[in-house]
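Each ligand, and each atom within it, is numbered from 1 in the order the structure gives. Because only heavy atoms are used, hydrogens play no part in the values below, and waters and symmetry mates are left out as well, while side chains stay in.
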Amino acid sequence: MRVGVLALQGAFIEHVQMLARLGVQPVEVRLPEHLEGLNGLIIPGGESTTMGLLAQKRGLLQPIRDFVGSGRPLWGTCAGMILMAREILDGVPGQPALELMDIAVRRNAFGRQVDSFEADLVVPALGEIPFHAVFIRAPVIERVGAGVQILASLEDGTAVAVQQGHLLATAFHPELTRDERFHRYFLELTK
Ligand code: GLN
């Protein structure tokens, strides 16, 4: 099994290492041809405006949409989730994005008092043990479409992990912990 990690910018190395620990062959994706033969793709955290611009420059946006259109799963963490969202609130006007998932996200919305924080999330899809989630200048999911399933929310009800068929998005960074359950969950979607 080969799983790609978009490696233009941001925290891609941690995803690569996690995939390798799980016995999957990680592939750093920098050009459209790197998508060939992959079973899935992860878009890491970072800076969504920069990553979107780089992806556009390398001609990767449409190939990634086609990749998803062919039924292969895509997971975005944090900035990756922003790039997947159909609607970006507080984004930079004209910010290039994939617009694949029926959610609206607001960038840096936790900002103000708490830029970054950690929380133990109840994630029924992953079992009983809470998932320790690291949020770094995270986006907030403000709207989810009818076909989108909420996998986890904060105590105040804010959705932070969502799934729409073979699309997965998390506002936080599972690759920065030792907990492999979200990565395993994603790998299940490749089957
Ligand atoms: N604030 C970043 C953005 O808007 C996302 C932060 C992250 O990926 N950790 O793109």
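Listed by chain and number, residues touching ligand 1 at under 4.0 Å (heavy atoms only) are G45, G46, E47, S48, C78, A79, I82, R107, N108, I136, R137, H173.
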Name each donor-acceptor pair under 3.5 Å that joins a side chain in residues 128-135 to protein atoms two or more places apart or in another chain, with its distance.
residue, atom, partner, partner atom, Å
H132, ND1, D120, OD1, 2.8
H132, NE2, E118, OE1, 2.5

With a cut-off of 3.5 Å and sequence neighbours excluded, list every side-chain donor-acceptor pair involving residues 49-63.
residue, atom, partner, partner atom, Å
R58, NH1, R30, O, 3.2
Q62, OE1, R65, NH1, 2.8
Q62, NE2, D66, OD1, 2.9

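I42 and V29 fall into different hydrophobic clusters, defined by Ile, Leu, Val, Met, Phe, Trp and Tyr side-chain heavy atoms under 4.5 Å apart, directly or through other members.
Residue pairs meeting the side-chain hydrogen bond (donor to acceptor under 3.5 Å, both in side chains) criterion with at least one partner in residues 37-46, sequence neighbours excluded, do not occur; the list is empty.
A138 and C78 make their closest contact through CA-SG, 4.0 Å (heavy atoms, listed as atom of the first residue, atom of the second, distance).
Taking the charged nitrogens against the carboxylate oxygens, R106 and D90 do have a contact shorter than 4.0 Å, which makes a salt bridge.
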